[in-house]
Visitor: 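Can you read through this structure? Questions will come right after.
Scope of the values below: all heavy atoms of this structure, side chains included, with no hydrogens, waters or symmetry mates.
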Amino acid sequence: MSANAQLSSTSSQTSTNAVNQASHEFWEVIRTVPDFPKPGIDFYDITPLLRTHIVPVIDALLAALPEGLLDEVDCLAAIEARGFVFASLLAGRLGKGIILLRKPGKLPPPVANKSYALEYGKDTLEMQDNLPPAKVLLVDDILATGGTLTTAYELCQSAHHQVFGALVLLDLEGLHTPFPVPVYTVLKA
C-alpha cells in the first residue's frame, strides 16, 4: 500500500491508542520508498517488520483494539495480501476464523466482487458469496486513500456480514475521508 502526498488532508475515525511519534521503534524498520510505484507516491514498506518484529507488531495490533471488541467478533476479514499475514497471526492467537478478500480469480465460485480506484490505478476484490453472515473485523496493513478498505467494507456488507471496525498497522490519515466504522491503528502518519 502506498500514499500520495498530493492528496488533500481529511480526518478519520481512529483509535486513541495509536502512536503518532516518529520515535516509535517500528519507524526504525519501516522503509519509505519515494516515487514507487510511480512518481509522486511514497511507498511505506512494512515488510521488514514481518522479518524482525512480528510478535511486537501483533501485540501492538491487539493493544489498539478497545476492551471487549474481540468478544463481539466472530472472524477476521483479511484483505489481500499483507492483511492475510496479520489476520492469520491474529486469528491463530485468538482462535478466530478468517474470511478472505482476494484479487480476482483466486476464489472458487460463487463470488461477489467490486472494483475500485487506487491512487495509482484500478483493482478488484472478491469474496465468497455463500458464507453465513458473521460479525467481522476488517484487517489490512495500511489505510491510505481508503479505496481497498472501503471496498472490503462494502463487500462484507453486501454479503450480510456485520462489520465492527477495521484494524490496520498504519493509518495515513491525511489521505482519506472518514470511514463508516471505527478504524483501529498502531501508527499514524
Side-chain angles (χ1 to χ4, degrees), residues 1-64 77-90 100-104 106 114-126 138-155 165-189:
M1 196 50 93
S2 60
N4 184 341
Q6 303 302 315
L7 295 174
S8 64
S9 176
T10 58
S11 64
S12 70
Q13 204 177 32
T14 58
S15 165
T16 57
N17 294 341
V19 176
N20 293 312
Q21 307 90 338
S23 62
H24 190 282
E25 68 175 306
F26 294 166
W27 287 116
E28 295 174 15
V29 182
I30 295 171
R31 290 186 327 134
T32 303
V33 182
D35 298 320
F36 181 80
K38 70 179 196 178
I41 294 179
D42 288 339
F43 184 89
Y44 288 86
D45 182 10
I46 64 161
T47 55
L49 286 172
L50 301 175
R51 182 169 183 248
T52 60
H53 287 70
I54 197 64
V55 171
V57 167
I58 297 306
D59 290 344
L61 286 166
L62 289 171
I79 302 168
E80 190 164 335
R82 290 178 294 201
F84 288 1
V85 175
F86 294 135
S88 295
L89 291 164
L90 288 163
L100 300 177
L101 290 104
R102 301 217 53 194
K103 306 290 176 159
K106 303 294 183 182
K114 184 166 177 51
S115 294
Y116 60 101
L118 294 167
E119 59 272 39
Y120 50 83
K122 288 181 69 174
D123 214 337
T124 300
L125 278 181
E126 292 185 342
L138 299 172
V139 179
D140 205 0
D141 58 343
I142 298 174
L143 172 54
T145 62
T148 304
L149 207 56
T150 298
T151 301
Y153 170 80
E154 292 170 354
L155 270 175
L167 177 61
V168 296
L169 177 66
L170 173 58
D171 181 355
L172 304 177
E173 59 187 346
L175 299 182
H176 58 84
T177 59
F179 201 65
V181 293
V183 174
Y184 307 105
T185 186
V186 175
L187 300 169
K188 294 180 185 180

Visitor: Drop me the distance from Thr185's OG1 to Ile142's CD1, to the nearest 0.5 angstrom.
Guide: 9.5 Å
Visitor: Is there side-chain contact between Ile58 and Leu90, with heavy atoms separated by less than 4.5 Å?
Guide: yes
Visitor: Contact between Phe86 and Val57 at the side-chain level, heavy atoms closer than 4.5 Å - yes or no?
Guide: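 Sidechains of Val57 and Phe86: in contact.
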Visitor: If you take all heavy atoms of Tyr44 and Ala189, which pair is closest and at what distance?
Guide: OH-CB, 4.4 Å
Visitor: Distance check, rounded to the nearest 0.5 Å: Leu125 atom CG versus Leu155 atom CG?
Guide: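 Output value for this atom pair is 6.0 Å.
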Visitor: Look only at the side chain of Glu80 and the backbone of Lys103, and say whether a donor-acceptor pair between them is shorter than 3.5 Å.
Guide: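 Confirmed, Glu80 side chain pairs with Lys103 backbone.
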Visitor: Of the non-hydrogen atoms in Ala78 and Phe84, which two are nearest, and what is the gap between them?
Guide: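 The pair with the smallest heavy-atom distance is O-CE1, 3.4 Å.
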Visitor: Of all the heavy-atom pairs spanning Ala64 and Leu167, show the shortest one and how long it is.
Guide: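 Residues Ala64 and Leu167, closest heavy atoms: CB-CD1, 4.3 Å.
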Visitor: Show, in sequence, the C-alpha distance, side-chain angles and deciding distance for Asp59 and Val55, and conclude whether the side-chain contact (heavy atoms from CB on, under 4.5 Å) test is met.
Guide: CA-CA 6 Å; Asp59 290 344; Val55 171; 3.7 Å; yes
Visitor: Applying side-chain hydrogen bond (donor to acceptor under 3.5 Å, both in side chains) between Tyr116 and each of Thr151, Thr145, Thr148, Thr124, report the one that passes.
Guide: Thr148
Visitor: State the CG-CD distance between Leu100 and Glu126, to the nearest 0.5 angstrom.
Guide: 12.0 Å
Visitor: Which of these passes side chain to side chain contact (heavy atoms under 4.5 Å, CB included) with Arg82: Thr47, Val168, Leu49?
Guide: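 Of all the options given, the one that passes is Thr47.
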Visitor: Hey, are the side chains of Ile30 and Leu187 touching, using non-hydrogen atoms and a 4.5 Å cut-off?
Guide: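 Side chain of Ile30 against side chain of Leu187, heavy atoms only: contact under 4.5 Å found.
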Visitor: For the side chain to side chain contact (heavy atoms under 4.5 Å, CB included) test, which of Val33, Asp35, Thr32, Leu172 pairs with Asp42?
Guide: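 The single option meeting the side chain to side chain contact (heavy atoms under 4.5 Å, CB included) with Asp42 is Thr32.
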Visitor: If I take atom CG from residue Leu169 and atom CD1 from residue Ile46, how far apart are they, to the nearest 0.5 angstrom?
Guide: 5.0 Å
Visitor: Heavy atoms only: give me the nearest Phe179-Ala166 pair and the separation to one decimal.
Guide: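 Scanning both residues, the minimum pair turns out to be CE2-CB, 4.2 Å.
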Visitor: Please give me the minimum heavy-atom distance between Val29 and Pro48, naming the atom from each residue.
Guide: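 Nearest pair, atom of Val29 first, then Pro48: CG1-CB, 3.5 Å.
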Visitor: Would Tyr153 and Leu101 satisfy side-chain contact (heavy atoms from CB on, under 4.5 Å), going step by step from the backbone distance to the final call?
Guide: CA-CA 10 Å; Tyr153 170 80; Leu101 290 104; over 6 Å; no
Visitor: If every non-hydrogen atom of Phe26 is compared with every non-hydrogen atom of Ala60, which pair is closest and at what distance?
Guide: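 Result for this residue pair: CE1-CB, 3.9 Å.
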